[in-house]
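Convention: sequence-line order gives letters A, B, ...; per-chain numbering from 1. Computed from heavy atoms alone, side chains included, the values below leave out hydrogens, waters and symmetry copies.
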Protein chains: 2
Amino acid sequence: MSTVNSTPSDAPSRDAAARAVPDRDVSAYGQVRAMIASGELAAGAWLRETTLADRIGVSRTPIREALNRLAAEGLVDLSRNKGAQVVDFSTEDVAGLYDVRSGFEPHAVRLSVPHLTDDDVAELASLSVRMEAVVANGGDMDGLSALNAAFHGIFIERCGNRHVATALQAVMRPAVVAHTFRKYSEAALRRSMQHHAELVAAADARDGEWAEAVMRTHILAARNAAGDAPSPR
Amino acid sequence: MSTVNSTPSDAPSRDAAARAVPDRDVSAYGQVRAMIASGELAAGAWLRETTLADRIGVSRTPIREALNRLAAEGLVDLSRNKGAQVVDFSTEDVAGLYDVRSGFEPHAVRLSVPHLTDDDVAELASLSVRMEAVVANGGDMDGLSALNAAFHGIFIERCGNRHVATALQAVMRPAVVAHTFRKYSEAALRRSMQHHAELVAAADARDGEWAEAVMRTHILAARNAAGDAPSPR
DNA sequence: GCATGTGAAGTTGTATGCAATGTCTTGACG
DNA sequence: CGTCAAGACATTGCATACAACTTCACATGC
């Protein structure tokens, strides 16, 4: 980070969820988001405030705040006086997101690599290893999504401009609920993990151009693996 | 648009503010945002919930929703148990946003032009004329920002992918509060208005490539006019 | 004089009650 | 039998009250 909020004490609430791997976020927002990410709340499902409030064990007020924030982030659709429902990602939506990411994220990576601390690289490496472990165990694709979001989030947060970071987060977030990893083939998963490892290597070498190239490869491969042909431009 | 929300009846509340020119948005969100855009609430100023509630004439509840949304959009900073303050855009922040926009918005424009209806083009033309009128009268730069946001918003909303639109809106929004037009020279303002007129012409001709080129020119010129040298890459 | 602890004031976080709006069922009428 | 209207139900929007936390001032001890 650059300008504001460098002390750990006054971390804004949204950083707590955006940062690294959310070790079970206890906030209403975090819980609702986790339900969406896990598929417990399916696409198109209505989110009733009282239902969620009862399930999470708080009143409607924090639930409403969570829904508003999720709506601002594009994870739920709000209709006035009718309620919120989980967004439904069409194939075109997902393809569009990959288009945007392929244009921006490599750039962000090149900007961020020079700013990475040794700790950042260590965390990237850790996340990469943990993701490989999940894949090796044939495990939990949604957990993998969370780790993946944390991995990519590190680059985005360190890109040197907080507003650019915010905008890029807006592009990244929907990926959490799109369940793209579930569509991956075994080979595509393995390739994706290799890209992560190579990104760690490039980051460790502080080679922004290398990292940028790998990231572009990574995203274009992902667009294919998610089951979408390259969109005509 | 593709999947959800094609009927006009159930338009989500945030569309009301994002759409076209907000003819004085009466929602708490709209009012607070207008205060920020007008400079009535300066950068760095603390936003006290009770103060805003009294001034706008509602209770704290809708104020809190507004602040949460503005925080998600990156227009205010939230600190838990401390409150919200208007973001302070550094020169680097603005430059970074122009970098991002120069990368994406031309692309979005090329995608959107084929989708534009005659009504869309007419509205673009109307906005362009109104902006020229403001400049000719030497008038209100913040009003100009609003018109400009509406102008660019039309292209973004019609780009064919709602999530791409959301992401680009995230990049655009800060421009409203950065008061960039105030820094423009007379010549830069005039040039900017010419770009708008040419964008209308390209849109009217449904020539996406032309529009894309003009938009790239427009943004790069704006980056300069806002007082920033091209950022080193 | 400086650091530290304690208290009060102010502000945000949450819960709850009520009004307004939307939806669905049920009944009557053509 | 189909259509429409009216009312009951469910849900959201807003206001208010209280609890928790932060911050600032002031006094106290070193």
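- Considering only side-chain N and O atoms, B/Lys82 lies under 4.0 angstrom from the phosphate OP1 or OP2 of D/dT23.
- Atom CG in B/Leu75 sits 10.0 Å away from atom OG1 in A/Thr166 (nearest 0.5 Å).
- Side-chain contact, B/Asp99 with B/Ser102: no donor N or O sits under 3.5 Å from an acceptor N or O.
- Computed from coordinates, the B/Glu49 CD to D/dC21 P distance equals 17 Å when rounded to whole Å.
- Taking the charged nitrogens against the carboxylate oxygens, B/Arg69 and B/Glu65 have no contact shorter than 4.0 Å, which rules out a salt bridge.
- Every residue meeting the ring-ring contact (aromatic ring centres under 6.0 Å, His included) condition with A/His196, not counting sequence neighbours, appears here in chain and number order: A/Phe151, A/His152, A/His218.
- When rounded to the nearest whole Å, the span between OH of B/Tyr29 and C1' of D/dG13 equals 19 Å.
- For A/Asn81 and C/dT21, the CG to C1' distance is 5 Å, given to the nearest whole Å.
- One atom, CG of B/Asn68, and another, P of C/dT12, lie 12 Å apart when rounded to the nearest Å.
- Summary of the strand contacts: B/Thr51 and A/Val58 both lie near DNA chain C, and taking for each the nucleotide with the nearest heavy atom, the more 5' one is attributed to B/Thr51.
- For B/Asp119, the side chain to side chain donor-acceptor pair (under 3.5 Å) criterion is met by no residue, not counting sequence neighbours.
- As rounded to whole Å, 12 Å separates atom P of D/dT23 from atom CD of B/Gln85.
- Under the 4.0 Å criterion applied to side-chain N and carboxylate O atoms, B/Glu40 and B/Arg55 are assigned as salt-bridge partners.
- Distance CG (A/Leu67) to C1' (D/dG13): 13 Å, rounded to an integer number of Å.
- The CG-C1' distance, from B/Asp54 to C/dT11, rounds to 14 Å in whole Å.
- Taking side-chain N and O atoms only, A/Arg48 has a distance below 4.0 Å to OP1 or OP2 of D/dT12.
- Contacts between residues 59-66 of chain B and DNA chain C, defined by a heavy-atom separation below 4.0 Å, involve B/Arg60, B/Arg64, listed by number.
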